[in-house]
**Q** 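Sharing a structure below in structure tokens format, with a few things to ask.
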Amino acid sequence: MKTDIINLVKLGLQEVPELTEFLDDQIAENAVERTKDLVHGDFSSNIAMRFAKVTKNNPRDLASIIIKKIPKNNLVKKIEIAGPGFINFHMSDAAFHQEISKIIDIDDLYGKHPGKRKGKILLEFVSANPTGPLHVGHGRHAAYGATLGNILNAAGYEVKREYYVNDAGRQMDILCVSVIIRILESNNPDLIMPAAGYLGDYIKIIAESIDEKIDNTLSEIILQLQNGDNAQDKEQYIDAIIQSAKEILGIEKFSVIKQTSLESIRFDIEEDLNEFGVTFDSWFSENSLAEQGHIKKILSLLKDKELLYKKDGAIWFKATDFDDEKDRVVTRENKNNTYFTSDIAYHHNKKLRGFDHLIDILGSDHHGYIARVRAGLVAMGHQASDLEVELVQFVSLFRAGEKQSMSTRSGEFITLRQLREEVGNDAARFFYIMRSNEQHLDFDLELAKSKSNENPVYYIQYAHARIASVFRQLEEKRFLYDEQKGKDNLSLLITKKEKLIMSTLSRFPEIIELSANNRAPHNLAQYLRDLANEFHSYYNDSIFIVEDEKIRNARMLLIKATQTIIKSGLELLGVSSPKSM
RNA sequence: GCGCCCGUAGCUCAACUGGAUAGAGCAUCAGCCUUCUAAGCUGAGGGUUAGAGGUUCGAGUCCUCUCGGGCGCGCCA
């Protein structure tokens, strides 16, 4: 509907001689918006005010010139100038009726344009280290990423979802020795898990699943280390244990235990996410970058471009040449490559796989990292704008007004799985995305669980269920629902509430567009709340199952369309639409 | 110290990226079930958009400063 107005404005503007030198394609697109208040009509344009100055016109005069050039169309009832120079469009009733019929006809495709846009997007999210179960913070990333992916799809983008598995580096070794210590523990009760190790119970479960025999001399060495001086520095201490474990077990056996532990956790994460309705097209292993020589390749390419130099025994990348605030180490003094080096290789690889636009969803604490990854990407010959980063703020969990602690290392955090079991997937998905991702989220467990008007997810689902119930009642009362009669009699829907619902339904395509472009799923959640509100209000105000066949079918058609949009919208959010509650 | 983000009703948050009278929910108060699900509806009160300047037809939104909060500034990941 909005595009109809945009097109009319475009046609009109082309005919205004004063404006021709300023026009481009985008201008009309951005110059038409929904009005906040229906007394201003349905759509409004500020174009006359924006161009009053450069064309040396009075805005209201310019507006009247433009209006005269806008072609007549039966969707538009009236165009008028208001206030300082707004051009307000009042849509005809037929325009809304046409939209309602369209919703009924194309059902859950309404407002969605699969394949409409060119360009492939790689959406990377969660990417939590596979060293333990997901916690409630990861849940927000999962919900946000999955929903954003759905919305981008609906808006016509081709999107692939990817999870980057950080299966390389020291964290994995720490995970491995944590498991080994749990294995040894059964015969050596004096062993204590190092402070830098992983304390969670899931480590014990992994340990029990591993039947590798481990030489007891390792226990003795660990016991010695445990009581020795270097137990003071927890990082040094655990590195010493890693060292000994690798020597005594041999690198091969160590790798087997590491791989088994990793796979076990990764599988658990995948299962957890699947249950949450969050799926990925690919799981990309950090290790594979080194194994397939991508990291070497990157380093030699950077060297060829003379973007590397040696200092203090390490190799540095001239990130400052690409708008980063300082240069960054790619290869340490100990010859190991940094995490950052993997990341250049990884992002370069994404581009090589044919993705035009890369979206990373990261925790807000990673914001300092964006500039350097982008620098790496540009150094590899890509555009800075190819990489987009969406930051997600932290989640605080509240129970009965008390903030819950979330200490990761101690293993005392609340997992995503626990949260889902407690409040249910639907409430969890909705609560995670109902607030802007740029805002800290206070997640109130009691509120999420409450099956009352305090809980917005039930409020929306209830509207859907109520409509289903009305249709059941219709059948019980032996009335027939005639879709065609409904369409033919939409003009009988003349109350304020009915017109408001029609207007809101017709906004759905704009909401998808808006939340896709702004990467803002919460706009959709907000919209669905508004729509549910308007329906509940209508429900209390009018009876749908009435004797008059024409009015009855028209009203049933309208609530059917409402139900369709609620279902379609909730589906994008990953929330179910129950038929009864 | 430097950089990024944030500050909107008692609380939790919106506000279509510069538009018209800043909106919801919770909480508070007052009403609505012998008729389609009361997990609902109707109404009331509640604001100097942290503060001060500036830009312009027009600012919660853009710029500058101040105050307050979060995060980041490793050869960690």
**Q** Can you tell which of B:rC75, B:rA39, B:rC41 lies closest to the side chain of A:N540?
**A** B:rC41
**Q** Taking the C1' atom in each of B:rG18 and B:rC36, what is the distance between them to the nearest angstrom?
**A** 46 Å
**Q** Could A:R529 and A:Y459 be counted as a cation-pi pair, given that NZ or CZ must be under 6.0 Å from the ring centre and within 45° of the axis?
**A** yes
**Q** Just do the side chain to side chain donor-acceptor pair (under 3.5 Å) check on A:Y346 and A:E162 with the steps written out, would you?
**A** CA-CA 12 Å; A:Y346 177 42; A:E162 185 159 282; 2.6 Å; yes
**Q** How far, in whole Å, is B:rU35 from B:rG45 if one measures between their P atoms?
**A** 32 Å
**Q** Starting the side chain at C-beta, find the nucleotide from B:rC76, B:rA14, B:rG19 nearest to A:M49.
**A** B:rG19
**Q** Is it true that A:R34 and A:E510 make a salt bridge, defined as a side-chain N closer than 4.0 Å to a carboxylate O?
**A** yes
**Q** Side chains of A:T320 and A:K326: any donor to acceptor distance under 3.5 Å?
**A** no
**Q** Would you kindly check whether a donor in the side chain of A:S44 faces an acceptor in the base of B:rA20, or vice versa, at under 3.5 angstrom?
**A** yes
**Q** Should B:rG40 form a Watson-Crick or G-U wobble pair with both distances under 3.5 Å, which nucleotide is its partner?
**A** B:rC32
**Q** Hey, is B:rU17 sitting syn or anti, using the within-90° cutoff around 0?
**A** syn
**Q** With a distance cut-off below 6.0 Å to the six-membered ring centre and an angular limit of 45° from the axis, does A:R266 pair with A:W283 as a cation-pi contact?
**A** yes
**Q** Given atom CZ of A:F535 and atom P of B:rU37, what is their separation to the nearest angstrom?
**A** 10 Å
**Q** How long is the line joining CZ of A:R529 and C1' of B:rA15, in whole Å?
**A** 16 Å
**Q** How far does the P atom of B:rC6 sit from the matching atom of B:rU64, given to the nearest Å?
**A** 14 Å
**Q** Identify whether the distance between the nearest side-chain nitrogen and carboxylate oxygen of A:R555 and A:E498 falls below 4.0 Å.
**A** yes
**Q** Atom OH of A:Y346 and atom C1' of B:rA77: how far apart are they, to the nearest Å?
**A** 15 Å
**Q** Just to be sure I understand the geometry, which residues of residues 514-526 of chain A put a non-hydrogen atom under 4.0 Å away from RNA chain B?
**A** A:L514, A:N518, A:H522, A:N523, A:Q526
**Q** I'd like the P distance from B:rA14 over to B:rG53, given in whole Å.
**A** 28 Å
**Q** To the nearest Å, give me how far apart CD (A:Q439) and P (B:rU8) are.
**A** 9 Å
**Q** Report the distance from atom CD1 of A:I359 to atom CD1 of A:I361, rounding to the nearest 0.5 Å.
**A** 7.0 Å
**Q** Over all strands shown, is A:S342 touching base, sugar-phosphate only, or nothing at heavy-atom distances under 4.0 angstrom?
**A** nothing
**Q** Side chains of A:D426 and A:Q461: do they bring a donor and an acceptor to under 3.5 Å?
**A** yes
**Q** Please verify the inter-ring angle class for A:F340 with A:Y369; under 30° counts as parallel, over 60° as perpendicular, anything in between as tilted.
**A** perpendicular
**Q** Sticking with atom P, work out how far B:rU66 lies from B:rC4, rounded to a whole angstrom.
**A** 14 Å
**Q** Could you tell me whether the side chains of A:S342 and A:E286 share a donor-acceptor contact shorter than 3.5 Å?
**A** yes
**Q** To the nearest Å, give me how far apart NZ (A:K36) and P (B:rA14) are.
**A** 15 Å
**Q** Summarise how protein sits on nucleotides 68-74 of chain B as a single string, 5' to 3': B when a protein heavy atom is under 4.0 Å from the base, S for sugar-phosphate-only contact, - for no contact.
**A** --SBSSS
**Q** Is any side-chain N of the basic residue among A:R552 and A:E547 closer than 4.0 Å to the acidic one's carboxylate O?
**A** no
**Q** By the 4.0 Å heavy-atom rule, please label A:N88 as base, sugar-phosphate, or nothing.
**A** base
**Q** Roughly how many Å is it from CZ in A:R50 to P in B:rG19, rounded to a whole number?
**A** 10 Å
**Q** Regarding A:T131 and A:Q171, do their side chains bring together a donor and an acceptor under 3.5 Å, going by distance alone?
**A** no
**Q** Taking the side chain of A:S580 as heavy atoms from C-beta outward, which of B:rA20, B:rU37, B:rU12 is closest to it?
**A** B:rU37
**Q** Within residues 463-478 of chain A, which residues have any heavy atom lying less than 4.0 Å from an atom of RNA chain B?
**A** A:A465, A:R466, A:S469, A:V470, A:R472, A:Q473
**Q** Side chain of A:E333 only, heavy atoms from C-beta on: which candidate in B:rC41, B:rA77, B:rC75 is closest?
**A** B:rC75
**Q** Judged by modelled atom types alone, do A:D360 and A:H366 share a side-chain donor-acceptor pair under 3.5 Å?
**A** no
**Q** Salt bridge check, A:R374 against A:D324: does any charged N sit closer than 4.0 Å to a carboxylate O?
**A** no
**Q** NA contact type, A:H536, heavy-atom cut-off 4.0 Å: base, sugar-phosphate, or nothing?
**A** sugar-phosphate
**Q** Nearest of B:rU35, B:rU12, B:rA39 to any side-chain atom of A:D442?
**A** B:rU12
**Q** Which one is paired to B:rG47, where only Watson-Crick or G-U wobble pairs with both distances under 3.5 angstrom count?
**A** none
**Q** Please state the C1' separation for the pair B:rU12 and B:rA52 - nearest whole angstrom.
**A** 29 Å
**Q** Going by the glycosidic torsion and a 90 degree boundary from 0, is the base of B:rC33 oriented syn or anti?
**A** syn
**Q** Can you tell me the base-pairing partner of B:rC71? Count Watson-Crick or G-U wobble geometry only, both distances below 3.5 Å, and say none if there is no partner.
**A** B:rG3
**Q** When the nearest nucleotide of RNA chain B is assigned to A:N46 and to A:A168 on a heavy-atom basis, which residue is associated with the more 5' position?
**A** A:N46
**Q** Measure the distance from CZ on A:R435 to C1' on B:rC5 and round it to the nearest whole Å.
**A** 19 Å
**Q** Tell me what A:K2 touches on the nucleic acid: a base, only sugar-phosphate, or nothing, going by heavy atoms under 4.0 Å.
**A** nothing
**Q** Taking atom P of B:rA15 as reference, at what distance in whole Å does atom OH of A:Y527 sit?
**A** 17 Å
**Q** Please state the C1' separation for the pair B:rG23 and B:rG47 - nearest whole angstrom.
**A** 12 Å
**Q** Salt-bridge test for A:E388 and A:R519: reply yes if a basic N is under 4.0 Å from a carboxylate O, no otherwise.
**A** yes
**Q** Name the closest nucleotide to the A:Y539 side chain, picking from B:rU37, B:rA20, B:rA77.
**A** B:rU37
**Q** Go ahead and name the base partner of B:rU12; Watson-Crick or wobble counts if both distances stay under 3.5 Å, otherwise write none.
**A** B:rA24
**Q** Which residue lies toward the 5' end of RNA chain B, A:D530 or A:Y538, if each is placed at its nearest nucleotide?
**A** A:D530
**Q** Taking the P atom in each of B:rC33 and B:rU21, what is the distance between them to the nearest angstrom?
**A** 39 Å
**Q** For the side chain of A:Y459, starting at C-beta, report the closest nucleotide among B:rC16, B:rC41, B:rA14.
**A** B:rC41
**Q** Could you tell me which nucleotide pairs with B:rG18 by Watson-Crick or G-U wobble geometry, both distances under 3.5 Å, or answer none if nothing does?
**A** none
